[in-house]
2 protein chains.
Amino acid sequence: MAKKTVELGEAELAVMRALWEGGPQTVRDVLNRLHERGKTVAYTTVLTFLTRLEQKGVVASDKRDTAYVYRARISRQSVTTSRIKALVDQLYDGAAAPVLLHLIENERFTPDEIAQLRKLIDDLDAGSPE
Amino acid sequence: MAKKTVELGEAELAVMRALWEGGPQTVRDVLNRLHERGKTVAYTTVLTFLTRLEQKGVVASDKRDTAYVYRARISRQSVTTSRIKALVDQLYDGAAAPVLLHLIENERFTPDEIAQLRKLIDDLDAGSPE
DNA sequence: CCTCTACTACTACCGGTGTCGTAGGAAGAT
DNA sequence: ATCTTCCTACGACACCGGTAGTAGTAGAGG
């Protein structure tokens, strides 16, 4: 059944990133992580986000000792997928190629990344029956 | 200096697309175009969008006969650029590679597109001294 | 001149996101 | 038992984006 693509705002994403990168954490942990990243925000703001995110079903929490521990229930990959889909749909009516080409032309990549990219393309060629 | 990246919503983008694809148009033209695309929205809604977009500086208008003619002042390319940048920054802290790889792995491309892609990569390799 | 029509200006409203403040409970310190 | 500290629950608020209604104006037709 269709996981109805939840849209996340920028600040919400920052919280998700804290969870993705630091694993299950308490509100305070997330707060500290955001502060380290230069994002100064109030404790209750983080709490609000985590609560909302839980309501949206993208994070879960368990009581651990005195405080709740929150963890991500969706992967960064899946968010990437829906974000890209939105972008591609809204700007190019679903055609991904222009976006792909745009990325290659406008961003900088290391030789390693280029090599990896080339390999992927070879695989694409090889493994695309029908 | 620095064109302060204007963020556009989905419906606003739909209007921009009408302008990009149909050139300078009146409110009614845009409305018809949206209707053709299956987007049923009121005349005044389109007017509101065009007015707001003009205030944001992304479209301009000229009085022509009885009605104003609106035209885009920013390209689809530039919007693509900022959208991608936002995505990449918000999800991968500025690293474009994961997004690029994601696109290749998850979207379908035609042989032509793949060929074009391969060519671009070859150019990348060639044109990157040091 | 009067009316109909199309266009613009202004205002409004709702839901979502970003941001907190305050109140109240639980747990540790004195 | 009380004070201090940390945590959660709940409410608040402003701004933006999506959507539209109404009023007012200017030209087209009779």
Side-chain angles (χ1 to χ4, degrees), chain A residues 4-18 24-35 37-71 79 82-83 86-87 89-91, chain B residues 4-18 24-35 37-71 79 82-83 86-87 89-91:
Chain A
K4 50 140 170 230
T5 302
V6 184
E7 272 317 318
L8 302 177
E10 179 165 4
E12 288 177 328
L13 269 188
V15 170
M16 290 306 291
R17 283 190 58 183
Q25 298 161 64
T26 64
V27 175
R28 188 149 303 272
D29 292 335
V30 171
L31 177 68
N32 291 149
R33 220 162 247 276
L34 292 181
H35 281 179
R37 285 195 138 275
K39 179 98 177 163
T40 54
V41 71
Y43 181 96
T44 47
T45 302
V46 177
L47 177 58
T48 300
F49 279 134
L50 285 168
T51 305
R52 285 183 188 166
L53 288 169
E54 185 164 23
Q55 252 159 10
K56 291 185 183 183
V58 299
V59 315
S61 66
D62 308 276
K63 189 80 168 177
R64 171 86 119 237
D65 283 324
T66 84
Y68 282 96
V69 172
Y70 293 85
R71 64 176 193 282
V79 174
S82 45
R83 273 293 281 265
L87 197 169
D89 283 350
Q90 287 169 31
L91 275 161
Chain B
K4 51 147 173 216
T5 302
V6 184
E7 273 315 319
L8 303 177
E10 180 165 2
E12 288 177 329
L13 269 188
V15 170
M16 290 306 292
R17 285 189 58 181
Q25 298 161 63
T26 64
V27 176
R28 189 150 302 274
D29 292 335
V30 172
L31 177 69
N32 290 149
R33 219 163 248 276
L34 291 180
H35 281 177
R37 284 194 138 279
K39 178 99 176 164
T40 52
V41 73
Y43 181 95
T44 48
T45 301
V46 177
L47 177 59
T48 299
F49 279 133
L50 284 168
T51 305
R52 284 183 188 167
L53 288 170
E54 185 164 23
Q55 252 157 10
K56 291 186 184 182
V58 299
V59 315
S61 66
D62 307 276
K63 188 80 168 177
R64 174 85 120 238
D65 282 324
T66 84
Y68 282 97
V69 173
Y70 293 85
R71 63 174 192 282
V79 173
S82 47
R83 273 292 282 262
L87 197 168
D89 283 349
Q90 287 169 30
L91 276 161

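Chain naming here is simple, since letters A, B, ... match the order of the sequence lines and numbering starts at 1 in each.
Applying the side-chain hydrogen bond (donor to acceptor under 3.5 Å, both in side chains) rule to pairs touching residues 8-18 of chain A yields A/Glu12-A/Lys56, A/Arg17-A/Glu21, sequence neighbours excluded.
Residues that satisfy the side chain to side chain donor-acceptor pair (under 3.5 Å) test with A/Thr45, not counting sequence neighbours, are absent from this structure. The side-chain contact (heavy atoms from CB on, under 4.5 Å) test applied to A/Leu47 returns A/Val27, A/Thr51, A/Tyr70, not counting sequence neighbours. Judged as a side chain to side chain donor-acceptor pair (under 3.5 Å), and not counting sequence neighbours, the contacts of A/Asp89 are A/Lys85. B/Arg37 is linked by a salt bridge (Lys or Arg N to Asp or Glu O under 4.0 Å) to A/Asp93, counting only residues two or more places apart in sequence or in another chain. Annotation: salt bridge (Lys or Arg N to Asp or Glu O under 4.0 Å) contacts of B/Arg33 (sequence neighbours excluded): none. Legend: residues meeting salt bridge (Lys or Arg N to Asp or Glu O under 4.0 Å) with B/Arg71, ordered by chain and number and at least two apart, are B/Asp62. When the side-chain contact (heavy atoms from CB on, under 4.5 Å) test is applied to A/Ala86, the partners found at least two apart in sequence or on another chain are A/Gln90, B/Arg83.
When the C1' atom of C/dG18 is taken as reference, atom CG of A/Leu53 falls 12 Å away, rounded to whole Å.
Residue contacts for B/Tyr68: at a heavy-atom cut-off of 4.0 Å it reaches the sugar-phosphate backbone alone, with no base atom in range.
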Apply side chain to side chain contact (heavy atoms under 4.5 Å, CB included) to residues A/Met16 and B/Leu91 and explain how you reach the verdict. CA-CA 9 Å; A/Met16 290 306 291; B/Leu91 276 161; over 6 Å; no
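For the contact set between residues 27-35 of chain B and DNA chain D, defined by any heavy atom under 4.0 Å, there are no members.
Summarising the geometry, atom CG belonging to A/Asn32 is positioned 10.0 Å from atom OH belonging to A/Tyr43; distances are rounded to the nearest 0.5 Å.
Interface limits on DNA chain D: the 5'-most and 3'-most nucleotides within less than 4.0 Å of chain B heavy atoms are D/dG17 to D/dT22.
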Pairs under 3.5 Å (N/O, protein and nucleotides 19-26 of chain C):
| unit_1 | atom_1 | unit_2 | atom_2 | d |
| --- | --- | --- | --- | --- |
| C/dT19 | O4 | A/Arg52 | NH2 | 3.2 |
| C/dC20 | OP2 | A/Ala42 | N | 3.0 |
| C/dC20 | OP2 | A/Thr45 | OG1 | 2.9 |
| C/dC20 | N4 | A/Thr48 | OG1 | 2.4 |
| C/dG21 | N7 | A/Thr44 | OG1 | 3.3 |

